[in-house]
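Comments concern the structure below.
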Amino acid sequence: MKDQKKIHEELSLSISTLVQSQIRIEDMITTGTLRSYADSSPVKKMLHAPTMKLYVVKEEPLHNKEIRKNLKDWISFWQNKCSNSIQHVQIYSTFWSTPEGYVSIVMEYMNGGSLQNLLESMGVLPERSIKQLVQPILYGLQRIHQSGAQCHGALGPSQILFLRDGTVKLSQGLQYRVQIQGNQVFNQYILGRVKDVQSLYDPSILETPSLWSKAPSEKYHFPIQDDFVLERANDIWKLGWLLLNCAIGTMEFHPKAQQIYEGSRIILEEITKYIDQLKDTCCLLHSEIKVIQFVEQNSKIINEPTKITILDLLPSDKFSVEFIQFLCSTLKIDPRQRLFTEQLLQHQWLTGGKECKGPNVQLKELLSISNAWNTFLPEEFQGQGAQKLERLCDALCLVLQNSEKPTINKMHLQENSPIIKELSYDMGINTKIVSERLISIFQSLI
């Protein structure tokens with residue numbers, strides 16, 4: 001008899017295959033464009049006309065066969081190992097366009113935006129909200145690490161996505177697979193070009209070499225234990241860096257920001273070269289001055305004492321000792337000393353039950369505030385939303401006349417249904433107006 005895990009995996013795969021077989025790219029209607037960061041490819045919010053379900057479609061360019069293979073392998077891994085996981089953004093279908101040289105990836109739509117959006121709105125997050133982020137991210141990383149993949153690789157604020165109810169999910173980090181694992185010429189073009197400064201929270205805009213660079217693990221000669229994998233340890237570092245940015249905001253305002261960025265790059269990419277020089281260090285928090293001095297000595301920069309440290313930006317009235325210890329465990333200079341995901345999930349900060357310091361604010365409340373600009377408009381100002389609704393209805397008529405019979409249930413077009421609420425929220429108009437208009441469209445096609 002098959003064990004429960006095997007049955008679950010086969011069931012998840014069959015569900016994913018069923019969804020994929022029901023989606024055709026020609027049945028999709030673009031309802032908006034979502035913000036992408038740095039060199040990310042365009043991301044569109046699209047409505048599948050026959051089922052009236054919202055998806056995200058991302059188009060990734062395929063510059064050569066190696067990039068195509070890397071993407072295909074990673075997408076296949078994600079669909080097989082992370083299918084129906086509550087911690088991972090789902091991939092439902094892919095459409096490979098070989099002559100044009102791109103792939104369209106149909107993914108789960110996350111209506112709460114990204115951590116990048118949230119940080120840009122709020123600046124910083126209180127400890128309680130940060131704590132709500134951590135467990136889903138760790139479980140997501142754990143599944144990836146235990147399923148045969150070396151690492152996620154692109155753990156950053158744009159890869160942490162939300163639903164409006166506060167659900168946290170880990171996205172695929174597709175751009176990491178394209179940029180870092182593609183050929184060297186393409187890497188030099190991407191990593192060497194001038195970045196459009198879109199957000200101080202986006203690590204890919206740093207003036208120093210990219211923090212996303214994949215460490216050449218085959219050159220590393222650590223006397224290490226069997227289960228140590230450098231890329232996984234670097235995932236943990238990026239998690240710590242992510243939480244640090246949530247707590248103190250962008251590092252750009254630190255007087256030694258560039259030295260800290262460069263030190264982080266060295267720790268991620270060239271640690272074996274300098275491991276002896278950094279052997280007496282602890283972590284980025286407790287050995288910050290040593291890291292800065294090391295960078296300044298190697299760069300022949302005059303060493304001037306800094307008047308502020310990262311720990312100064314983490315005051316005891318806002319952040320608990322346990323949180324600082326958790327950060328310390330993730331930001332160890334020596335990658336062999338960083339805790340694994342399993343160990344971090346058992347850390348006292350997550351399991352101790354001690355009250356968090358700082359404001360008593362839930363993540364869901366912050367998401368609500370961050371997205372509040374898109375609330376329903378007064379009726380006299382709903383003209384643009386009404387025009388958008390009419391354009392959607394025109395597109396529905398065109399698509400549905402040339403597609404299979406709609407499978408949408410009339411109940412799903414009622415005012416209280418999720419799709420109607422989402423569309424009305426997006427357009428800023430009343431749910432009743434959206435519901436009645438869409439019902440009339442579907443009735444006219446029967």
Side-chain angles (χ1 to χ4, degrees), residues 16 20 23-26 28 30 33-44 46 55-83 88-107 144 147-156 158-159 170-196 198 202-206 208-220 229-232 234-235 238 265 268-270:
S16 178
Q20 180 164 340
I23 296 178
R24 299 190 309 164
I25 200 69
E26 54 266 34
M28 306 288 273
T30 302
T33 302
L34 303 179
R35 182 179 176 187
S36 55
Y37 293 89
D39 295 300
S40 296
S41 303
V43 182
K44 299 175 183 177
M46 302 190 81
Y55 296 94
V56 162
V57 177
K58 185 170 187 178
E59 294 182 350
E60 285 287 356
L62 304 172
H63 292 269
N64 56 46
K65 290 181 179 178
E66 184 182 1
I67 289 176
R68 177 188 171 94
K69 182 181 184 303
N70 288 332
L71 268 179
K72 203 164 189 175
D73 289 348
W74 182 242
I75 290 170
S76 176
F77 168 85
W78 198 273
Q79 287 182 305
N80 289 331
K81 302 298 183 181
C82 304
S83 178
H88 300 85
V89 177
Q90 295 300 293
I91 294 178
Y92 294 118
S93 189
T94 54
F95 299 91
W96 301 84
S97 181
T98 304
E100 289 82 3
Y102 68 90
V103 56
S104 298
I105 306 165
V106 181
M107 298 183 287
I144 291 171
S147 298
Q150 285 190 319
C151 66
H152 180 276
L155 192 63
S158 65
Q159 297 304 306
L170 186 60
S171 194
Q172 301 89 5
L174 295 172
Q175 200 65 13
Y176 173 81
R177 305 290 153 178
V178 173
Q179 289 184 2
I180 305 306
Q181 298 185 3
N183 67 10
Q184 193 60 37
V185 174
F186 182 64
N187 287 346
Q188 289 171 353
Y189 166 71
I190 289 293
L191 298 178
R193 65 189 286 192
V194 177
K195 308 286 184 182
D196 294 327
Q198 300 185 62
D202 183 0
S204 64
I205 68 165
L206 302 180
T208 52
S210 172
L211 294 184
W212 300 121
S213 295
K214 181 175 169 60
S217 56
E218 66 276 3
K219 298 179 183 178
Y220 281 55
V229 177
L230 180 66
E231 286 86 351
R232 295 177 191 172
N234 283 351
D235 269 351
K238 290 171 185 175
R265 183 196 67 79
L268 284 176
E269 297 179 17
E270 304 178 63

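The model shown is predicted, which means the values in this text are computed figures rather than measured ones.
Across every non-hydrogen atom of Tyr92 and Met107, the tightest pair is CD1-C, 3.9 Å. A pairwise comparison of heavy atoms in Ala154 and Gly173 identifies CB-CA, 3.8 Å as the closest pair. When all heavy atoms of Val57 and Ser104 are compared, the closest pair comes out as CG1-CB, 4.1 Å. Among all heavy-atom pairs drawn from Ile91 and Thr94, the shortest one is CG2-CG2, 4.4 Å.
Two residues are said to be in side-chain contact when any heavy atoms from C-beta on lie closer than 4.5 Å; Phe95 and Ile23 meet this criterion. Considering only heavy atoms from C-beta on, Trp96 comes within 4.5 Å of Leu71 through its side chain.
Atoms OG1 and CE, on Thr33 and Met46 in that order, are 9.5 Å from each other to the nearest 0.5 Å. If you take CG on Leu155 and CG on Asn234, they are separated by 11.5 Å, rounding to the nearest 0.5 Å. Remark: Leu62 CG to Lys69 NZ distance equals 14.0 Å, nearest 0.5 Å. Rounding to the nearest 0.5 Å places NE2 of His88 at 4.0 Å from CD1 of Ile144. Between the CD1 atom of Ile25 and the CD atom of Glu59 there is a distance of 7.5 Å, given to the nearest 0.5 Å. Put simply, CD1 on Ile75 and SG on Cys82 are 12.5 Å apart, with the number rounded to the nearest 0.5 Å.
A donor-acceptor pair under 3.5 Å is formed between the side chain of Gln172 and the backbone N or O of Val89. Remark: side-chain polar atoms of Glu270 are not paired, donor with acceptor, to backbone N or O of Arg265 under 3.5 angstrom. Asp235 places a side-chain N or O within donor-acceptor distance of the main-chain N or O of His152, the cut-off being under 3.5 Å. Of the possible donor and acceptor atoms, none in the side chain of Lys238 sits under 3.5 Å from a partner among the backbone N and O of Gly156.
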